[in-house]
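A short write-up of the structure that comes next.
Index from 1, following the sequence.
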Amino acid sequence: MTLRIGVLGYRFMGKAHANAMARLPMFFPDAPDIERHTLVGRDEAALADAAERFGFTHTATDWEAALDEVDVFYNLGPNHVHAEPSIAALEAGIPVLCEKPLAPTLAEAAAMRDAAAAADVPAGTAFNYRFVPAIRYAKGLIEDGELGEIRQVRGRYLQDWLVDPEAPWAWRMDAEMAGSGALGDLGAHTIDLASFLVGDAVGGIDRVSGQLTTFVDERPVYDDEGEIEEYRDVTVDDAYGAQVAYESGATGSFEASRVAEGHKNDHTIAVHGTKGSLKFSLERLNELEVLREGNRGYETVLVTQESDPYVDRWWPPGHVIGWEHTFVHEDYEFLSAVAEGGAFEPSFEDGYEVQRVLEAIERADERGEWVAVE
């Protein structure tokens with residue numbers, strides 16, 4: 001059976017997943033057969049151009065109509081359009097892969113989680129960094145007890161695309177559409193990655209502190225000539241910081257910024273245990289820094305061996321892969337789950353759990369004190 005794929009959204013994530021789908025037959029021949037069927041968007045001209053470039057045979061400006069034509073639905077639109085189309089697809093028995101964060105609000109995320117629980121099809125949250133080979137290798141080290149008892153987790157995600165106060169306003173700066181700023185856009189990735197790596201060892205997050213900061217309160221909207229038409233309010237955070245307390249007694253510290261000058265896509269995570277530590281940086285995603293018991297310092301492990309997760313599908317040892325390959329791995333696992341009727345992780349439940357932490361960090365910031373993750 002060939003799975004007909006529908007995708008809502010044709011910009012950044014639409015391009016990333018279209019590229020991944022095109023690569024699957026070449027590098028993952030055991031992946032299900034798929035047809036890039038319907039691309040959904042609002043601008044008919046831009047949509048038609050994107051569909052031609054991305055290899056989609058049909059377009060639609062109405063996601064409801066598109067659901068009647070596809071077997072799998074990718075919701076890659078802005079955060080405020082995650083809930084309604086995803087829930088409708090699940091209620092129609094259509095598997096869904098939805099971008100992160102799951103929704104702008106905890107209530108919407110809960111509704112999506114419940115719809116997924118009631119549906120007998122896979123529903124995944126697109127935390128693509130779980131599918132980096134070095135991260136999978138790191139998880140194996142932790143599960144094997146190489147680090148001992150986990151005591152601390154530290155994560156940061158730094159970008160600089162909003163350093164300039166005249167950088168243009170976009171939907172990501174509107175709380176109604178995005179939910180939050182750096183917290184949900186970047187922090188969601190870090191919180192999920194920490195849960196993926198150490199959740200089995202340290203349990204859930206009991207309580208959090210939080211600080212959200214907006215440095216630029218309004219940003220310009222430009223016309224087609226590059227002239228400023230107006231200024232719009234920025235109603236989300238430019239940066240956040242949080243501390244967390246895990247059920248086991250382990251601690252964590254997380255931060256993210258979209259105004260960190262000199263950092264383009266700097267996502268790092270470190271895990272410290274009683275016998276060792278590890279460090280990962282997305283900007284060197286083929287490498288893992290590992291400190292083993294008895295060693296005086298960290299060693300750099302190049303995670304490109306054929307025995308490493310996913311690597312046997314690509315190139316000989318030492319021939320590195322890149323950011324775009326994480327989407328190939330993610331789509332392979334998700335579409336395989338669809339074809340085989342199995343489960344997929346990260347699920348909507350996982351996305352909801354991240355949303356609980358995001359909401360708690362916002363409450364902690366509002367109250368100026370530690371709060372429980374309710």
Side-chain angles (χ1 to χ4, degrees), residues 1-29 31-100 102-103 112 121-128 131 168 170-172 177-178 185 222-224 322-339 344:
M1 176 183 179
T2 298
L3 297 173
R4 296 169 299 170
I5 310 297
V7 173
L8 190 164
Y10 55 85
R11 299 194 186 278
F12 187 21
M13 288 299 103
K15 183 182 293 186
H17 282 281
N19 174 70
M21 292 174 195
R23 302 283 78 76
L24 278 175
M26 184 182 299
F27 295 98
F28 289 77
D33 292 330
I34 63 171
E35 176 189 355
R36 282 164 275 164
H37 190 276
T38 303
L39 191 62
V40 183
R42 293 180 298 177
D43 185 323
E44 290 188 1
L47 184 62
D49 176 67
E52 182 177 359
R53 288 185 292 113
F54 296 173
F56 282 80
T57 54
H58 300 79
T59 63
T61 55
D62 180 356
W63 60 261
E64 292 181 274
L67 293 182
D68 293 332
E69 305 297 327
V70 301
D71 304 307
V72 184
F73 183 64
Y74 279 61
N75 191 335
L76 311 179
N79 301 349
H80 70 289
V81 296
H82 284 181
E84 186 181 6
S86 297
I87 291 172
L90 290 169
E91 289 178 343
I94 300 171
V96 176
L97 183 71
C98 184
E99 257 304 318
K100 47 71 17 207
L102 199 54
M112 295 174 71
V121 293
T125 308
F127 288 117
N128 63 299
F131 301 93
W171 69 264
R172 294 182 186 276
M177 289 190 278
D185 186 23
Y222 294 91
D223 62 20
D224 293 339
W323 176 84
E324 71 275 16
H325 295 84
T326 65
F327 296 92
V328 184
H329 304 159
E330 180 178 53
D331 286 355
Y332 169 71
E333 298 291 0
F334 175 68
L335 293 169
S336 295
V338 170
F344 174 81

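Note that OH of Tyr10 is 10.5 Å distant from OG1 of Thr59, once rounded to the nearest 0.5 Å. Atom CG of residue Leu39 and atom CD1 of residue Ile5 lie 12.5 Å apart, to the nearest 0.5 angstrom. The structure places OG1 of Thr57 at 10.0 Å from CD of Glu69, a figure rounded to the nearest 0.5 Å. To the nearest 0.5 angstrom, His37 atom NE2 is 11.0 Å from Thr2 atom OG1.
Of all non-hydrogen atoms in Ala89 and Val96, the two that sit nearest each other are CB-CG2, 3.5 Å. Between Ala126 and Glu99 the shortest heavy-atom distance is CB-OE2, 3.5 Å. The shortest heavy-atom contact between Ala60 and Thr38 is CB-CG2, 3.9 Å. Across every non-hydrogen atom of Phe127 and Lys100, the tightest pair is CE2-CB, 3.5 Å. Listed here is the closest heavy atom pair of Asn75 and His82: ND2-O, 3.2 Å. When all heavy atoms of Pro122 and Leu90 are compared, the pair lying nearest together is O-CD2, 4.3 Å.
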Can you give each donor-acceptor pair under 3.5 Å made by side-chain atoms of residues 14-24, sequence neighbours left out, with the distance rounded to 0.1 Å?
residue, atom, partner, partner atom, Å
His17, ND1, Asp331, OD1, 3.0
His17, ND1, Asp331, OD2, 3.1
Asn19, OD1, Arg23, NH1, 2.9

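Thr326 pairs by the side chain to side chain donor-acceptor pair (under 3.5 Å) definition with Asn128, not counting sequence neighbours. For Arg4, the side chain to side chain donor-acceptor pair (under 3.5 Å) partners are Asp71, not counting sequence neighbours. Here Trp323 pairs with Tyr129 under the side chain to side chain donor-acceptor pair (under 3.5 Å) rule; sequence neighbours left out. Checked against ring-ring contact (aromatic ring centres under 6.0 Å, His included), His325 has the following partners two or more places apart in sequence or in another chain: Trp314.
Under the salt bridge (charged side-chain N to carboxylate O under 4.0 Å, His left out) criterion, the residue pairs touching residues 36-63 are Asp49-Arg53, with sequence neighbours excluded.
Annotation: side chain of Pro85 is in contact with side chain of Leu8 (closest heavy-atom distance under 4.5 Å). A heavy-atom distance below 4.5 Å is found between the side chains of Met112 and Ile87. A heavy-atom distance below 4.5 Å is not found between the side chains of Phe27 and Val328.
The aromatic ring centres of Tyr74 and Phe334 sit less than 6.0 Å apart.
With hydrogens and angles ignored, the 3.5 Å screen pairs a side-chain donor or acceptor of Asn79 with a backbone N or O of Ala178.
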